[in-house]
Amino acid sequence: MASPITTYGNPVLRQKAKPVAEVTDELRALADRMLGLMYSAEGIGLAAEQIGRTEALFVLDVPARADQDEQGRPLNPGVK
């Protein structure tokens with residue numbers, strides 16, 4: 001990935017995110033790149049600010065195993 005994850009202390013993390021007025025192909029491509037970076041870092045979420053961008057964009061992918069206790073039982077059995 002070309003964009004490293006920005007860490008605590010970087011001024012871009014203090015900037016207010018700019019609202020997204022329209023979902024464009026460029027924004028979709030950014031989201032795809034963010035997902036790739038998030039997966040390579042073994043994360044479950046990533047904000048655009050974390051890669052030095054200011055768009056109000058966040059990607060999230062919570063694995064099903066995150067809703068299980070140590071024995072594999074669902075923590076929220078009624079939620080699908």
Side-chain angles (χ1 to χ4, degrees):
M1 269 297 131
S3 304
I5 295 177
T6 302
T7 57
Y8 178 77
N10 189 305
V12 75
L13 297 175
R14 292 199 162 272
Q15 291 181 14
K16 185 172 178 142
K18 297 175 186 168
V20 173
E22 180 182 354
V23 178
T24 62
D25 288 340
E26 180 183 347
L27 195 63
R28 286 184 186 93
L30 173 59
D32 285 341
R33 288 193 306 272
M34 289 172 59
L35 284 167
L37 182 58
M38 180 191 74
Y39 291 135
S40 69
E42 297 182 8
I44 62 169
L46 186 69
E49 291 91 338
Q50 290 177 276
I51 60 166
R53 301 288 297 253
T54 57
E55 293 91 340
L57 178 63
F58 180 80
V59 294
L60 176 72
D61 187 2
V62 180
R65 69 180 181 281
D67 189 36
Q68 297 175 350
D69 66 13
E70 293 79 21
Q71 288 75 39
R73 296 181 299 236
L75 296 171
N76 297 293
V79 178
K80 300 253 183 221

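The first residue of the sequence shown is numbered 1, and numbering continues consecutively from there.
Shortest non-hydrogen contact noted between Gln15 and Thr54 is OE1-CG2, 3.0 Å. Between Leu75 and Asp69, the shortest heavy-atom contact is CD2-CB, 3.7 Å. Among all heavy-atom pairs drawn from Ala56 and Pro19, the shortest one is CB-CA, 4.2 Å. Summarising the geometry of Ala41 relative to Ile5, their closest heavy-atom pair is CB-CD1, 3.8 Å, with the distance given to 0.1 Å.
In the hydrophobic cluster analysis, where Ile, Leu, Val, Met, Phe, Trp and Tyr join through side-chain heavy atoms closer than 4.5 angstrom, Val20 is grouped together with Leu46. Residues Ile44 and Phe58 share a hydrophobic cluster, clusters being chains of Ile/Leu/Val/Met/Phe/Trp/Tyr side chains in contact below 4.5 Å. Hydrophobic clustering places Tyr39 together with Leu57 (ILVMFWY residues linked when any side-chain heavy atoms are closer than 4.5 Å, directly or through intermediates).
Remark: Leu30 CG to Leu35 CG distance equals 9.5 Å, nearest 0.5 Å. Atom CG in Asn10 sits 12.5 Å away from atom CD1 in Ile51 (nearest 0.5 Å). Taken from CG in Leu27 to CD in Glu22, the straight-line distance is 9.5 Å, to the nearest 0.5 Å. With rounding to the nearest 0.5 angstrom, the CD atom of Gln50 is 14.0 Å from the OH atom of Tyr8.
By the neighbour-count criterion of 12 heavy atoms within 6.0 Å, atom CD of Gln71 is densely surrounded, having more than that number from other residues, nucleotides or ligands.
Contact of the Met34 side chain with the Glu55 side chain is not registered, since no non-hydrogen atoms from C-beta on lie closer than 4.5 Å. Side-chain contact check for Asp67 versus Val62: every heavy-atom pair is 4.5 Å or farther apart.
Take Glu49 and apply the salt bridge (charged side-chain N to carboxylate O under 4.0 Å, His left out) test, not counting sequence neighbours, and it matches no residue.
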